[in-house]
Amino acid sequence: MNRFDYIQPKSVNEAIAAASAPGSTYLAAGTNLLDLMKIGVSTPARIIDITRLPGLDEINWLPDGGVRIGALVRNSDLAYDVRFSRTFPSVAEALLSGASAQLRNAATVSGNLMQRTRCAYFQDLASACNRRKPGSGCDARGGENRLHAVLGWSEHCIATHPSDFCVPLVALDAVVEVEGPHGARDIALEALHALPGATPERETTLQPGELILAVRLPAQATVYAGHTRYLKLRERTSYAFGVVSAAAALEMSGGTIRTARIALGGIAAKPWRARAAEAMLENVKPTPEAFAKAAELALVDARPSGDNAFKIALARNIVVRTLTLAHDGTPKDMPALPASPFAATPGTSHAG
Amino acid sequence: MSLSVSVTINGAPHAIELDDPRVTLLDLLRERLELTGAKKGCDRGQCGACTVLVGGRRVNSCLTLALSLDGSEVITIEGLASGDALHPVQAAFIEHDGFQCGFCTPGQIMSAVGLIAEGHAGDDPERIRELMSGNLCRCGAYKGITEAVLEVQRAQQTGNRKDAA
């Protein structure tokens, strides 16, 4: 780890002013940043520790029924908040399917949004990586790439965004509140993470010095509470990043879908909203055929970036499965294995 | 740059001057305070051997900057027992053979103490396994670990019912 200056600002304004110095990085819990500093991928000259900023660790319900989640709310505190998990159950399920209990106790809302890809070539200083070192190339192309992107990738970068939390958030139209040197603004979460194109080093649309203060979920997203799930296929049962994942939410009216929300994780450099599939499901019966067609539409632009064509079929299947379980209804209790496609019924054993 | 941090560790207050901002909580415990119970396994938050309680919550001490903990209360494996009387989780690990080589054990025990305090597992072995997945055991003592946690959970629930009666 490189030596750095350490600053603990007392206010948001102080933090933003401190971040104007070149080489500055905001530090929240550090569960990703410290790891990347230890392996030399991140080398900030200046750490601005925002964990003591006042007022950013609150969950506030808005008068219209939406919610504002402070940037420093810990993942576990949000997932186990009774009102939050009842109102946005697939978001709570996604949170509890991510990382480990220890990491969820530390990791923050804004840190989850700002976490970096887990692409092994991004983490390995001996490998070429346009995201880490612009213009150096991409060793993931032609390398071990079975877990890499199948949507939105470019010849310059095929990395994926690893977040679970962001997937249902994007499906539910979450908005990110940021403040920076030029004032405050809102960014749709869907527009926060950038696709690589020719500039994979530009990972988000945040401007220099901008700090995330909160994430808002709109009141409209509460209509899905009864029919929403997040499912995540992993290479082991727990404590693993997703190979593919999906969030689905249905607004049912009688026996018909009024509106649908679908987003995919683990398949692109950003959480992937499937709007064409959502539109197709409006005002139709929730049949297996309709769900299969929606899954086709969600992946229609997908193409392998390497040895990962299987992820396209897997992603279609996880969309169908998530829609099916969402239609069955949100479980009354959080499943013992959150987001596991292998434990549809509580109490199903994975370890005999 | 003057870097100081005040933390309470196992009940004892410490005011520490650091010459380097890079010190993690794990390194502070092991290298500066001679509390070597928390282990440095992977040093990357993947194995759980460094688990301690900060403010009563289990976290990976290897991924926590000591400087950001000013004013915090930390409990390590060294702070669990009362004199010669083992903490119930420690006793249950012995009773159920919850370890072989013992390297991961301080982290496992601190994680189990945190899990029980969180109160989300009940007496469901599946939920215990899921909520202990941040602690790896290369000897594969998972069966005994699960049974140990389960026993303490059940004993607490029985105790709570007695208290209520």
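Residue numbers start from 1 in every chain, and the chains themselves are labelled A, B, ... in the order their sequence lines are given, proteins ahead of strands.
Within the 4.5 angstrom heavy-atom criterion, only backbone atoms of Thr64(B) (N, CA, C, O) approach chain A. For Thr51(A), the part lying near chain B is the side chain, with the backbone staying farther off; criterion is any non-hydrogen pair under 4.5 Å. Heavy-atom distances place no part of Ile128(B) under 4.5 Å from chain A, backbone and side chain included. Heavy atoms closer than 4.5 Å to chain A are found nowhere in Thr146(B), neither backbone nor side chain. Only the backbone of Leu96(A) comes within contact range of chain B, judged by heavy atoms closer than 4.5 Å. Contacts between Asn2(A) and chain B at a heavy-atom distance below 4.5 Å involve the backbone alone (N, CA, C, O). Proximity to chain A is absent for every atom of Leu53(B), based on heavy atoms less than 4.5 angstrom apart.
The 12-atom threshold is exceeded at CZ of Arg52(A), counting heavy atoms of other residues, nucleotides or ligands nearer than 6.0 Å. The local environment of CZ in Arg86(A) is sparse, with at most 12 non-hydrogen atoms from other residues, nucleotides or ligands closer than 6.0 Å. For Glu144(A), the CD atom is loosely surrounded, since the number of other residues' heavy atoms within 6.0 Å does not exceed 12. Within 6.0 Å of the CD atom in Glu78(B), the count of heavy atoms belonging to other residues, nucleotides or ligands exceeds 12.
With hydrogens and angles disregarded, no donor-acceptor distance shorter than 3.5 Å links the side chain of Asn105(A) to the backbone of Arg57(B). In this structure, the side chain of Lys38(A) engages the main chain of Asp43(B) through a donor-acceptor pair within 3.5 Å.
Residues Arg3(A) and Arg22(B) approach most closely at N-NH1, 3.6 Å, considering heavy atoms. Of all heavy-atom pairs spanning Ala336(A) and Glu130(B), the tightest one is O-CG, 3.4 Å. Scanning both residues, Pro21(B) and Phe4(A), for their nearest heavy atoms gives CG-O, 3.2 Å.
The candidate from Ala240(A), Pro338(A), Ser238(A) with the greatest count of non-hydrogen atom pairs under 4.5 Å with chain B is Ser238(A). For chain B, the option among Met334(A), Gln102(A), Arg236(A) with the highest count of heavy-atom pairs below 4.5 Å is Gln102(A). Comparing Ile39(A), Leu33(A), Asn32(A), Ile47(A) by heavy-atom pairs within less than 4.5 Å of chain B, the highest count is held by Ile39(A). Looking only at heavy-atom pairs under 4.5 Å with chain A, the residue among Leu65(B), Leu131(B), Thr51(B) that has the most is Leu65(B).
There is no side-chain donor-acceptor pair under 3.5 Å between Asp70(B) and Gln8(A). Counted by atom type alone, Gln46(B) and Asp35(A) present zero donor-acceptor pairs between their side chains at under 3.5 Å.
Here the OH atom belonging to Tyr80(A) is positioned 4.5 Å from the NE2 atom belonging to His120(B), to the nearest 0.5 angstrom. Summarising the geometry, atom CE belonging to Met1(A) is positioned 7.0 Å from atom OG1 belonging to Thr24(B); distances are rounded to the nearest 0.5 Å. To the nearest 0.5 Å, atom OG of residue Ser68(B) and atom CD1 of residue Ile50(A) are 11.5 Å apart.
For the pair Leu103(A) and Asn60(B), the minimum side-chain heavy-atom distance is below 4.5 Å.
Salt-bridge formation is not detected for the pair Asp333(A)/Arg127(B): no Lys NZ or Arg NE/NH1/NH2 atom is positioned less than 4.0 Å from an Asp or Glu carboxylate oxygen.
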